[in-house]
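Please read all numbers here as calculations on a predicted model, not as lab measurements.
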Amino acid sequence: MTPAARCAAAIEVLTDIIERRRPAADALKDWGLAHRFAGSGDRAGIASLVYDALRRRASAAWIMGAETPRAIVIGSLRLQQGLAAPSIAALFSGEGYAPTALDADERSRIETGSLDSAPPEIAGDAPVFVLPELEAALGDDLIPELRALARRAPLDLRVNTLRGPRETIQAALEGYGAAPTPHAPHGLRVPVGADGRGPALHVEAEFLEGWYEIQDEGSQLAALLAGAKPGETIVDLCAGGGGKTLALAAATGNAGRLIATDGDPRRLAPIHERLRRSGAQAEVRTPRGGKQRADVLADLDGMVDRVVVDAPCTGSGTWRRNPDAKWRLRPGSLATRHAEQATVLDRAASLVRSGGRVVYITCSLFPSENDSAVSALLERQGRRFAPVPAKELLSVAPPSFSEAVRQTVHGIQMTPLRTGTDGFYVAAIERLD
């Protein structure tokens, strides 16, 4: 497919996403199935155009004066890729499979469109109803942080220290330009292409042999801040596919008792193969039955040293990877997440022993999902728990990270602008009685 034909396809996919409020991945998959002539390179190029358009959906529509998929794609080429009017006109020529030619108004807007007078929700490409939350978290850095959140995300790996040191894998991936991550001690960052896509590292022999996992540096640091130690009994309460479970196993050198579970058994499906491949040791406890599932952790109440809660959340901190999620977010979604967070935190609190800790993690920037959730738990628990000071939480992290991260009321907040990671929040509370 020509670049122009890819633009036409991106407009088609974006129309499907907007009109049917579909996840971008589903719309892209369906388009690929219906257009089997498109090769893998074409599908990757179209996906990059679609995700860039979603990253800059509001600002692109603003400079183009229209909210149509066509206008958003044109505007994103100008804002995200920095293409000038002649380059965009060459893609929108109306010839062959290209989109129809630019009209005079479109060309004028490409040349003169500006975000100088745009309100924050436009300049920052965020839903207007979440701005109060984001302003509370980001303060004067609101617009710079939101613009960082609209950029493409890097490709990060976590080297599995159960297999060997970071230097071994860095040497093996030298051809890909792998370099140490800025903060995570076991991370590598691999350059991505002009289309925002990285190499297919999941087919390399080292990946198949469990030497590394693909994991954002922020997620690696969140697992590091959990402070897992050899000899501890640790529960990964919302383990999902097991990314942090693997990191916790490596942190303890397989010298602890690690139990992984999740309220949704379907999310646990990938963890078994990942454990086998990595050599990590963990008990996987899968809930069974219908709505009245038996509690698979009942035998551990009051006995656990450390419960890691990678809580269900809006995912606002991952918008640079999942830009469609921010446009599908609704106020009711926040209320649902708040209830889920309270449930898992209460369960975590009942599991820890005296002196044990609950480590609460989200990939959210919203204080209502972060500090407020911890405050609510502390209120419900009375004087049974106390927050762990951020200074102690950061004692296991490198100084560069401790200096860059935002400290909050109860924990720390990572952000794309300050730490170069996804927007992870981490806090810990300790049981006193």
Side-chain angles (χ1 to χ4, degrees), residues 124 126 130-149 156 181-185 187 216-229 244 247-248 251 306-311 313-320 337-338 341 345 348-349 356-379 381 385-432:
V130 302
L131 282 185
E133 290 251 24
L134 293 170
E135 287 171 344
L138 305 174
D140 293 340
D141 286 338
L142 174 66
I143 299 303
E145 281 285 12
L146 287 177
R147 286 179 173 166
L149 202 58
D156 295 337
T181 44
H183 307 297
D216 176 68
E217 186 184 20
S219 181
Q220 298 179 41
L221 289 162
L224 177 70
L225 296 182
K229 299 175 182 177
K244 289 186 178 64
L248 294 168
R306 202 172 301 265
V307 181
V308 177
V309 181
D310 189 1
C313 68
T314 57
S316 56
T318 65
W319 281 349
R320 59 183 186 168
R337 293 300 183 222
H338 295 162
Q341 289 151 12
L345 277 170
R357 291 185 177 183
V358 174
V359 181
Y360 180 64
I361 301 169
T362 74
C363 51
S364 174
L365 295 169
F366 299 160
S368 67
E369 296 190 281
N370 298 335
D371 276 340
S372 295
V374 176
S375 292
L377 175 66
L378 292 171
E379 185 175 344
Q381 293 291 330
F385 285 86
V388 176
K391 183 178 180 180
E392 183 177 346
L393 194 67
L394 291 167
S395 64
V396 296
S400 62
F401 177 71
S402 300
E403 293 167 3
V405 76
R406 279 184 170 83
Q407 294 191 22
T408 70
V409 175
H410 294 309
I412 62 97
Q413 179 74 64
M414 305 179 222
T415 61
L417 182 68
R418 294 283 290 269
T419 57
T421 67
D422 286 349
F424 280 91
Y425 169 87
V426 184
I429 60 171
E430 184 171 312
R431 182 172 171 179
L432 303 177

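- A donor-acceptor pair under 3.5 Å is absent between the side-chain atoms of Q381 and the main chain of A349, judged by distance alone.
- Proximity of a side-chain donor or acceptor of S219 to a complementary backbone N or O of D216 within less than 3.5 Å is not detected.
- Side-chain atoms of T415 and E145 form a donor-acceptor pair, as typed in the model, at a separation below 3.5 Å.
- Not one N or O on the side chain of Q341 forms a donor-acceptor pair closer than 3.5 Å with the backbone of A311.
- Between the side chains of N370 and Y360, no donor-acceptor pair is found at a separation under 3.5 Å.
- Under the salt bridge (charged side-chain N to carboxylate O under 4.0 Å, His left out) criterion, the residue pairs touching residues 408-431 are R320-D422, R321-D422, R357-E430, R431-D433, with sequence neighbours excluded.
- Not one N or O on the side chain of S375 forms a donor-acceptor pair closer than 3.5 Å with the backbone of S372.
- Here the side chains of L221 and V405 are not in contact, with every heavy-atom distance at 4.5 Å or above.
- In this structure the side chain of R337 never reaches within 4.5 angstrom of the side chain of T362, judged on heavy atoms.
- Of all the heavy atoms in A390 and Q407, the pair that sits closest is CB-OE1, 3.6 Å.
- Minimum interatomic distance between G218 and F424 (heavy atoms only, all atoms of both residues): C-CD1, 3.6 Å.
- When atom types are taken as modelled, the side chain of Q413 and the backbone of S364 share a donor-acceptor pair closer than 3.5 angstrom.
- Minimum heavy-atom separation, I412 to T408: N-OG1, 3.9 Å.
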Audit row: I429, L345, side chain to side chain contact (heavy atoms under 4.5 Å, CB included) steps and yes/no = CA-CA 11 Å; I429 60 171; L345 277 170; 5.8 Å; no

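- Put simply, the side chain of P185 reaches to within 4.5 Å of the side chain of L224, judged on heavy atoms.
- The CG atom of L142 lies 11.0 Å from the CG atom of L417; values are rounded to the nearest 0.5 Å.
- With rounding to the nearest 0.5 Å, the separation of OH in Y425 from CG in L225 is 12.0 Å.
- Contact detail for A226 and L248: the closest heavy-atom pair is CB-CD2, 4.1 Å.
- Across every non-hydrogen atom of V388 and L393, the tightest pair is CG1-N, 4.4 Å.
- With a 4.5 Å cut-off on side-chain heavy atoms, L378 and H410 count as touching.
- Within the 4.5 Å cutoff, the side chain of L138 has heavy atoms near those of the R406 side chain.
- Among all heavy-atom pairs drawn from G411 and D371, the shortest one is N-OD1, 3.9 Å.
- Distance check: D156 CG to Q220 CD gives 6.5 Å after rounding to the nearest 0.5 Å.
- Residues forming a side chain to side chain donor-acceptor pair (under 3.5 Å) with T419 (at least two apart in sequence, or on another chain): T421.
- With E133 contributing its side chain and S368 its backbone, the two residues share a donor-acceptor pair below 3.5 Å.
- Rounded to the nearest 0.5 Å, atoms NZ (K229) and CZ (R306) are 5.5 Å apart.
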